[in-house]
Student: 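Just dropping this structure here.
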Amino acid sequence: MTSRREFLRTGGMALAGLMSRSIFAGSLSSSDATGLTYISKRPELGKRNFTSNAVEEIIQQTKSKIKNPKLAWLFENCYPNTLDTTVEFSMKNGLPDTFVITGDIEAMWLRDSSAQVFPYLPLASKDSQLSLMIEGIIRRQSWCINLDPYANAFNKGATGSEWKSDHTTMIPELHERKWEIDSLCYPIRLAYYYWKKTGNTAMFDTSWKNAMKRIYETFIEQQRKNGTMDSPYTFTRETDKQSDTVLNKGYGSPIKPVGLICSSFRPSDDSTLFSFLIPSNLFAVESLHQLAEILMKVTGDSAFAAKCTALANEVKAAVTKYGIVNHPKYGKVYAYEVDGFGGHVFMDDANVPNLLGLPYLCSFIKTTDPVYQNTRRYVLSSDNPYYFKGKAASGVGGPHVGLDWIWPMSFIMQALTSTNEQEIGKCLKTLVATDAETGFMHESFHKDDATKFSRPWFAWANTLFGELIIKIANEHKTLLSVK
């Protein structure tokens with residue numbers, strides 16, 4: 001039986017057409033020099049899940065700077081897409097509670113829900129309702145982590161899941177239980193920057209403190225210092241898709257304990273080849289330092305802060321020793337995955353955290369860093385097995401969708417981590433040209449034909465695109481006339 005998720009990956013065009021004629025029907029937005037009109041694909045005002053005055057103001061301000069009508073249309077559709085269609089906000093026992101679906105999947109991923117609202121953080125201090133809604137996400141995420149720190153996706157309630165038969169410890173509140181390091185990093189990132197932007201500390205309550213302890217304990221457990229099978233977590237699934245299950249009875253490939261943290265799955269929800277996933281380990285370093293700062297400055301737990309800092313330093317040292325590998329063509333680069341024995345995987349995946357996006361997530365990795373620059377040149381070349389060149393575009397994909405499928409997210413991340421206006425402009429042109437005239441970003445499109453795409457309703461990619469356009473409007477506004 002084909003799952004709903006798989007159907008949505010393969011039935012993109014039909015669903016996109018249905019959406020453009022129904023819930024996304026809107027008013028006239030703009031037209032170009034040829035007379036082609038662009039109709040807003042946003043839901044009517046009364047049908048939007050959540051509305052922020054601050055977001056609406058930034059949409060109008062940014063649109064006024066965009067000279068290309070199609071780009072303005074894409075921005076207007078994409079930037080508010082998370083608020084328009086995926087946020088379910090309410091007050092629960094006098095406290096904000098927010099459930100955020102990914103779009104076409106009725107479940108809340110810790111990663112996606114954090115990333116989907118991250119671009120709105122600069123506006124939270126200007127809009128009390130927006131701030132309250134984001135606080136509700138942080139509180140919901142604390143509840144989820146306390147429920148099970150190894151789960152990546154959660155139901156709104158105890159409704160069960162299509163994956164309830166997975167061979168792991170499933171409970172009705174879980175949608176999926178794939179252990180991914182980044183699932184515990186993104187909630188820290190969201191809480192940290194929300195605190196920095198708003199000064200609000202109300203969400204740092206007992207539930208949050210307990211969740212942070214669960215995160216630290218899980219990271220320690222997954223260092224597996226007694227070997228491969230030193231883990232309370234295992235996962236297998238009855239499937240014909242290799243990347244949806246974990247070998248060696250659910251423990252993964254053999255690892256040599258070196259201080260790195262094991263991740264059974266990648267941020268794409270695909271299983272790792274070698275369990276030490278380097279981009280996610282570096283993300284954990286950043287997150288642990290952010291957590292330590294909150295503990296020191298807000299909760300006053302200096303002992304726990306010291307533990308987080310020590311773990312961050314241990315992981316970073318291990319990445320430096322085992323995660324940086326000499327490539328025969330590019331010199332010293334970050335490997336994508338390693339095993340501690342000397343084995344390594346040279347590749348990159350479009351899903352974030354990845355190697356390309358390291359400076360976006362990790363403040364201690366600068367775009368000018370020689371190892372990152374070597375890695376970037378490798379990732380954006382045909383030497384990366386998941387870099388595809390085609391008639392429609394050339395860019396990074398990944399095994400989640402398959403060979404020859406490129407992710408718009410890869411162009412967005414490439415532009416967000418670039419200081420070269422020519423490179424940023426090229427990425428922007430590609431994004432404008434590959435939406436298949438739907439008005440939205442997608443999970444992926446075929447390298448030779450952008451009208452073939454997966455996931456027509458993928459809120460993370462949409463909102464991330466909006467973040468990029470706002471950054472360009474502030475730093476490279478001449479690029480907004482791109483055709």
Side-chain angles (χ1 to χ4, degrees), residues 1-12 15 86 88 99-113 140-141 143-184 186-187 211 214 218 221-222 224 228-255 262-275 277 280 349 351 398-402 443-444 454-455 457-458 460:
M1 180 177 178
T2 302
S3 72
R4 181 170 184 268
R5 187 173 189 178
E6 194 64 29
F7 168 78
L8 287 163
R9 295 194 188 288
T10 57
L15 183 57
T86 69
E88 300 176 22
F99 189 79
V100 185
I101 64 173
T102 67
D104 53 36
I105 304 173
E106 291 280 342
M108 178 167 162
W109 265 253
L110 293 176
R111 169 184 54 254
D112 293 51
S113 60
R140 166 68 69 152
Q141 290 176 339
W143 178 83
C144 291
I145 294 166
N146 283 323
L147 193 67
D148 188 344
Y150 282 106
N152 56 326
F154 297 79
N155 302 318
K156 192 172 184 180
T159 57
S161 164
E162 63 185 302
W163 307 120
K164 63 184 179 182
S165 62
D166 286 347
H167 301 298
T168 189
T169 307
M170 289 293 290
I171 58 177
E173 290 85 358
L174 305 187
H175 174 76
E176 195 170 46
R177 194 174 188 255
K178 289 182 172 179
W179 159 235
E180 303 159 0
I181 292 173
D182 69 286
S183 290
L184 298 184
Y186 271 106
R214 297 295 299 276
T218 303
E221 286 174 351
Q222 289 306 314
R224 302 191 193 181
T228 305
M229 298 174 68
D230 181 25
S231 172
Y233 171 86
T234 59
F235 181 100
T236 60
R237 173 178 291 173
E238 294 180 14
T239 176
D240 61 359
K241 188 177 179 182
Q242 182 181 359
S243 61
D244 256 355
T245 191
V246 179
L247 79 168
N248 289 326
K249 297 182 179 180
Y251 288 101
S253 295
I255 57 99
C262 289
S263 190
S264 298
F265 289 87
R266 299 167 176 169
S268 58
D269 300 339
D270 297 329
S271 57
T272 49
L273 296 177
F274 293 148
S275 298
L277 180 59
S280 292
D349 189 299
N351 217 303
H400 190 65
V401 179
E443 178 187 54
S444 68
S454 63
R455 295 193 72 179
W457 183 16
F458 185 29
W460 179 10

Student: Ignoring hydrogens and geometry, is there a side-chain-to-backbone donor-acceptor pair from D270 to H400 under 3.5 Å?
Tutor: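 Looks like yes, one N/O pair under 3.5 Å.
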Student: Using the test salt bridge (Lys or Arg N to Asp or Glu O under 4.0 Å), find all partners of R140 that sit at least two apart in sequence or belong to another chain.
Tutor: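 If we apply the salt bridge (Lys or Arg N to Asp or Glu O under 4.0 Å) test to R140, skipping adjacent residues, the hits are D97.
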Student: Any donor and acceptor pair, going by atom type alone, linking the side chain of R111 with main-chain N or O of P267 inside 3.5 Å?
Tutor: yes
Student: For the side chain of T236 and the backbone of V246, is there at least one donor-acceptor N/O pair under 3.5 Å apart?
Tutor: no
Student: Charged N to carboxylate O below 4.0 Å: is that the case for K178 and E176?
Tutor: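 Yes, charged N to carboxylate O under 4.0 Å.
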Student: Can you see which heavy atom on D349 is nearest to which on S268, and at what distance?
Tutor: OD2-OG, 4.0 Å
Student: Keeping S263 on the side-chain end and I181 on the backbone end, is there a donor-acceptor pair under 3.5 Å?
Tutor: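 Present.
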Student: Quick one: pull up CD in Q141 and CG in L110 and give me the separation to the nearest 0.5 Å.
Tutor: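 So the gap between those two atoms works out to 5.5 Å.
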Student: For S271 and F265, which heavy atoms make the closest approach, and how far apart are they?
Tutor: N-CD2, 3.3 Å
Student: Suppose we screen for side chain to side chain contact (heavy atoms under 4.5 Å, CB included). Which residues come up paired with I171, at least two apart in sequence or across chains?
Tutor: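 Counting only residues at least two positions away or on another chain, I171 forms a side chain to side chain contact (heavy atoms under 4.5 Å, CB included) with L147, E173, L174.
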Student: Is a donor from one side chain sitting under 3.5 angstrom from an acceptor on the other, for S231 and Q222?
Tutor: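 Yes, because at least one side-chain N or O of S231 sits under 3.5 Å from a partner of the opposite role on Q222.
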Student: Can you sort out the partners of T168 under side chain to side chain contact (heavy atoms under 4.5 Å, CB included), two or more places apart, ordered by chain and number?
Tutor: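 Residues passing side chain to side chain contact (heavy atoms under 4.5 Å, CB included) with T168: D166, M170, R177, Y233, F235.
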Student: For residues P254 and N248, report the shortest heavy-atom separation together with the two atoms involved.
Tutor: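 P254 and N248 have their closest heavy atoms at CD-ND2, 3.8 Å.
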Student: Nearest 0.5 Å, what's the OG1-CZ distance between T245 and R237?
Tutor: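 It is 8.0 Å, given to the nearest 0.5 Å.
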Student: Please give me the minimum heavy-atom distance between P187 and S183, naming the atom from each residue.
Tutor: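 Heavy-atom minimum between the residues: CD-O, 3.0 Å.
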Student: Verify side chain to side chain contact (heavy atoms under 4.5 Å, CB included) between E443 and N351, making sure each step is shown before the conclusion.
Tutor: CA-CA 10 Å; E443 178 187 54; N351 217 303; over 6 Å; no
Student: Using distance alone, with no hydrogens and no angle criterion, decide if R224 and S275 have a side-chain donor and acceptor under 3.5 Å apart.
Tutor: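 S275 and R224 do not have a side-chain donor-acceptor pair below 3.5 Å.
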Student: With rounding to the nearest 0.5 angstrom, report the CD1 to CG distance, I101 to D112.
Tutor: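 With rounding to 0.5 Å, CD1 (I101) is 11.0 Å from CG (D112).
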Student: Could you pull out the closest heavy-atom pair between F99 and M108, with the gap in Å?
Tutor: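 For F99 versus M108, the nearest heavy atoms are CE1-CB, 3.5 Å.
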Student: Roughly how far, to the nearest 0.5 Å, is the CG atom of D182 from the CH2 atom of W109?
Tutor: 12.5 Å
Student: Indicate yes or no for a side-chain donor-acceptor contact from H175 to the backbone of A107 under 3.5 Å, with no hydrogens or angles considered.
Tutor: no
Student: Report yes if the side chains of Y150 and S264 come closer than 4.5 Å at any heavy-atom pair, otherwise no.
Tutor: no
Student: Hey, are the side chains of R266 and L277 touching, using non-hydrogen atoms and a 4.5 Å cut-off?
Tutor: yes
Student: Any luck finding a side-chain donor-acceptor pair between Y186 and E180 under 3.5 Å?
Tutor: no
Student: Could you state the interatomic distance from CD1 (I105) to OG1 (T86), rounded to the nearest 0.5 Å?
Tutor: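 It is 12.5 Å, given to the nearest 0.5 Å.
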Student: Which pair of non-hydrogen atoms, one from S113 and one from V100, has the smallest distance, and what is that distance?
Tutor: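 Answer, listing the atom of S113 first, then V100: CB-CB, 3.9 Å.
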Student: Start with the C-alpha distance between L184 and W179, add both sets of side-chain angles, then the distance that settles side chain to side chain contact (heavy atoms under 4.5 Å, CB included), and finish with yes or no.
Tutor: CA-CA 9 Å; L184 298 184; W179 159 235; 3.6 Å; yes
Student: What distance do T218 atom OG1 and I145 atom CD1 have between them, rounded to the nearest 0.5 Å?
Tutor: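 Answer for the OG1-CD1 pair, T218 versus I145, is 9.0 Å.
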